[in-house]
Amino acid sequence: MAAVIKITRDPLDDAAVRALVREATHASDGGVVTFEGVVRDHARGKRIRYLEYDAYPEMAEERMAAIAAEVEQRWQTDHVAIVHRIGRLEIGECSVVVVVACPHRAEAFEACRYAIDTLKTTVPIWKKEVAEDGEEWVEG
Amino acid sequence: MAAVIKITRDPLDDAAVRALVREATHASDGGVVTFEGVVRDHARGKRIRYLEYDAYPEMAEERMAAIAAEVEQRWQTDHVAIVHRIGRLEIGECSVVVVVACPHRAEAFEACRYAIDTLKTTVPIWKKEVAEDGEEWVEG
Amino acid sequence: MQVRIRYFAGLREATGIEGEPLDVPEGATAADVRTLLSERYPALARLLPPCAVAVNRSYVATDAPLHDGDELVFIPPLGGG
Amino acid sequence: MQVRIRYFAGLREATGIEGEPLDVPEGATAADVRTLLSERYPALARLLPPCAVAVNRSYVATDAPLHDGDELVFIPPLGGG
């Protein structure tokens, strides 16, 4: 398959996450690792009300596809899904899902970890924390 | 919460996996890592028809609880679910689910990896591969 | 004294039973039981040597002495995950 | 020559627009545009220095020369994940 890559405004709810896991998992895969980023109720000592994500969508999807291509080369799997939601997200909602399916689990863990780490440092997506005492675009 | 620990004969289907992710994830958690073991269509050069898992259930659940306790101590999270299915499993079905939710993703990845690695080497569960040309209880 | 044996996986298939009570001499060890069972069930003779030993759900050394009422399980190479 | 600027996140809030065409001299660089924009939008003066630069969706050095028709985006510190 080609990797599933998407910037979306749709909720990454249970059905959406399971659909990604199913799309990524093939009959040759024995281990599937899924990372979900979830909106926390506090950060930097502040109580968060909600988050607002923005992206440079065309470039973000190109960078995410580049990550999937690197994963494919280094871990020999193209069974990868990387989806990031933008717009307003409430506490407990999922901002990003990365799924990697491999024949064996070690590769799936490494590749999934690599993908989310690299996403955070290279993909043009931004986060505004709306806290009880103000709002701010924050790094990380 | 107390960790969710279970040996079960019920399918680990989409609804079951999502229920575990939801049980594990709390408002303080920003990263959730889920490992799913899936029945592959081949192993050791054989085409697999299905697998049969067996367990020493009381001891298996005790060992799984011990893994969760170690995770709690080392990574400071008790937001852990470890569930292993036994009985007959078809290709593509899920045999084991490990979910770890943490404030930050590095801990969630490490703890989830530790839990499944330790499960494989310490929890009394066995696997019979039923292949096209015979069946065998196999290690690993 | 008497211990309770339970069989799982290949050991259950080889014996055809889920478990059984077993009379053993005072001070007997899991290694002694292994010898005894290998005689009773020839199919176990090649299956037991690679097994670990659990007594009352904890891994123990093969030469640890058993006690009356113990639950003894031979643990074949693991296949979970 | 003319380049097209697009604004995201804090830069969009500071300018109040999604983007704009911008006439720049031949050989101008992203650094030159940064100076120009900081004068036009005082609110950008403190936001642009930490930004990386993307031209036509690829990261480039701040002093790389721009070309007519380029899409130029200043990339504030990332917050994805």
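Each chain gets a letter, A, B and so on, in the order its sequence line appears, and its residues count up from 1.
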Exercise. Could you tell me which portion of A:Asp29 (side chain, backbone, both or neither) has an atom closer than 4.5 angstrom to a non-hydrogen atom of chain B?
Key: backbone

Self-check item: Region of A:Cys112 that comes under 4.5 Å of a non-hydrogen atom in chain B
Solution: both

What's the spacing between [X] [atom1] and [Y] [atom2] if we round to 0.5 Å?
X	Y	atom1	atom2	result
A:Asp14	B:Arg22	CG	CZ	4.0 Å
B:His104	A:Arg40	NE2	CZ	4.5 Å
A:Arg113	B:Arg113	CZ	CZ	11.0 Å

Leading residue by heavy atom contact count with chain B [cutoff under 4.5 Å; candidates [options]]:
options	answer
A:Cys94, A:Ser95, A:Pro103	A:Pro103
A:Val99, A:Val98, A:Val96, A:Asp117	A:Asp117
A:Gly92, A:Ala15, A:Ser28	A:Ser28

Quiz prompt | chain A contact via B:Ala106 - which portion, at a heavy-atom distance below 4.5 Å | solution = both

Quiz item: Who among B:Val39, B:Ile91, B:Val17 has the most heavy-atom pairs with chain A under 4.5 Å?
Solution: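 When all of B:Val39, B:Ile91, B:Val17 are compared, B:Val17 has the most.
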
Practice problem: For atom NZ of B:Lys120, decide whether the heavy atoms of other residues, nucleotides or ligands shown that lie under 6.0 angstrom number more than 12. | Solution: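 Yes, enclosed.
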
Self-check item: Neighbourhood of chain A inside residues 41-66 of chain B, taking heavy atoms under 4.5 Å as contact
Solution: B:Asp41, B:His42

